[in-house]
Amino acid sequence: AGAEARGPLPLLPLPGLLLLLLPAATAEPELRFRPPAEAPVRLFTEPELARYDGHQEGQPIYLAVKGVVFDVTSGKEFYGKGAPYNALAGKDSTRGVAKMSLDPADLTHDTAGLTEEELKSLDDIFNNVYKAKYPIVGYTSRRILNEDGSPNLEFKPEDQPHFSIKDEF
């Protein structure tokens, strides 16, 4: 009833009408682009992962376990050049982690022939050390792709809610 009592709105020239329709200049402009809720997954080939082996100063240090690539730079005293576990850096060292071995023959993704005890140790270290301490920055191509290069439809990213993935690239 109150709007009827005031009568119709006066006709305004187009610029005046636009000013009425636009939000106040002091209001935050609404973003048209919304970033994705999750950062995209980065895929690492073996040669790409090898670049992050801790030997280049100022470069992050990455290692993969179970095809998940972790940024272990904060553990540089363990994984950096000359450090005790540097042999694990720059590659998927799943077998070495499972066997607690730094033998070059064990520094591979291959888990064939591991004992039940070694597989349990691998899962414990993966969850309680790597996932708990280091942010995930990507996955090895072996984890995301099938042997023929087609996408692995069973791939599911690891849940790591206490880290936010840095957009380093």
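All figures in this text were calculated on a predicted structure; none of them were measured in a lab. For the single chain, residues carry numbers from 1 onward in sequence order.
- Between Lys66 and the options Asp92, Thr111, Asp123, a side-chain hydrogen bond (donor to acceptor under 3.5 Å, both in side chains) holds for only Asp123.
- Applying the side-chain contact (heavy atoms from CB on, under 4.5 Å) rule to Arg95 yields the partners Lys99, Asp106, Thr108, Leu114; only residues at least two apart in sequence or on another chain are considered.
- The shortest non-hydrogen separation linking Ala87 to Leu107 is O-CD1, 3.3 Å.
- Within 6.0 Å of CD in Gln59 there are more than 12 heavy atoms belonging to other residues, nucleotides or ligands.
- Summarising the geometry, atom CZ belonging to Arg42 is positioned 9.0 Å from atom CG belonging to Leu49; distances are rounded to the nearest 0.5 Å.
- Two residues are said to be in side-chain contact when any heavy atoms from C-beta on lie closer than 4.5 Å; Thr94 and Leu122 meet this criterion.
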**Full working for salt bridge (charged side-chain N to carboxylate O under 4.0 Å, His left out) between Glu147 and Arg142** = CA-CA 8 Å; Glu147 292 283 326; Arg142 220 175 233 102; 5.3 Å; no
**Item:** Evaluation steps, side-chain hydrogen bond (donor to acceptor under 3.5 Å, both in side chains), between Asp71 and Thr73
**Value:** CA-CA 6 Å; Asp71 181 341; Thr73 309; 2.5 Å; yes
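- Expressed to the nearest 0.5 Å, how far OG of Ser93 lies from NE2 of His109 amounts to 11.5 Å.
- By the side-chain contact (heavy atoms from CB on, under 4.5 Å) test, Glu48 is found to be paired with Phe44, Thr45, Arg51, residues two or more places apart in sequence or in another chain being considered.
- Interatomic distance, CD of Glu118 versus CD of Glu116, reported as 11.0 Å (0.5 Å rounding).
- Pairing each heavy atom of Leu145 with each of Pro151, the nearest pair is CD2-CA, 4.1 Å.
- Here the side chains of Lys81 and Asp53 are not in contact, with every heavy-atom distance at 4.5 Å or above.
- In this view, Ser121 and Met100, Ile125 satisfy the side-chain contact (heavy atoms from CB on, under 4.5 Å) rule, not counting sequence neighbours.
- In this structure, the side-chain contact (heavy atoms from CB on, under 4.5 Å) partners of Asp148, at least two apart in sequence or on a different chain, are Asn146, Ser150.
- Annotation for Ser101 and Asp103: closest pair OG-N, 3.1 Å, computed over non-hydrogen atoms.
- Rounding to the nearest 0.5 Å gives a distance of 8.5 Å between CD1 of Ile136 and CG of Asp159.
- In this structure, Tyr85 and Tyr79 have tilted ring planes: the angle between them lies in the 30° to 60° band.
- Using a cutoff of 4.0 Å between basic side-chain nitrogens and carboxylate oxygens, Glu158 and Lys131 are scored as salt-bridged.
- For Leu63 against Leu88, the heavy-atom pair with the smallest separation is CB-O, 3.5 Å.
- The salt bridge (Lys or Arg N to Asp or Glu O under 4.0 Å) test applied to Lys76 returns Glu57, not counting sequence neighbours.
- Annotation: side chain of Phe155 is in contact with side chain of Pro157 (closest heavy-atom distance under 4.5 Å).
- Centroid-to-centroid, the aromatic rings of Tyr52 and Tyr62 come within less than 6.0 Å.
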**Request:** Start with the C-alpha gap between Asn152 and Arg143, add the side-chain angles, then the distance that decides, and say whether side chain to side chain contact (heavy atoms under 4.5 Å, CB included) holds.
**Result:** CA-CA 8 Å; Asn152 174 2; Arg143 173 93 184 239; over 6 Å; no
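- Using a 4.5 Å heavy-atom threshold, the side chains of Tyr130 and Val65 count as touching.
- Listed by chain and residue number, Lys120 satisfy the salt bridge (Lys or Arg N to Asp or Glu O under 4.0 Å) test with Asp124 (two or more places apart in sequence, or in another chain).
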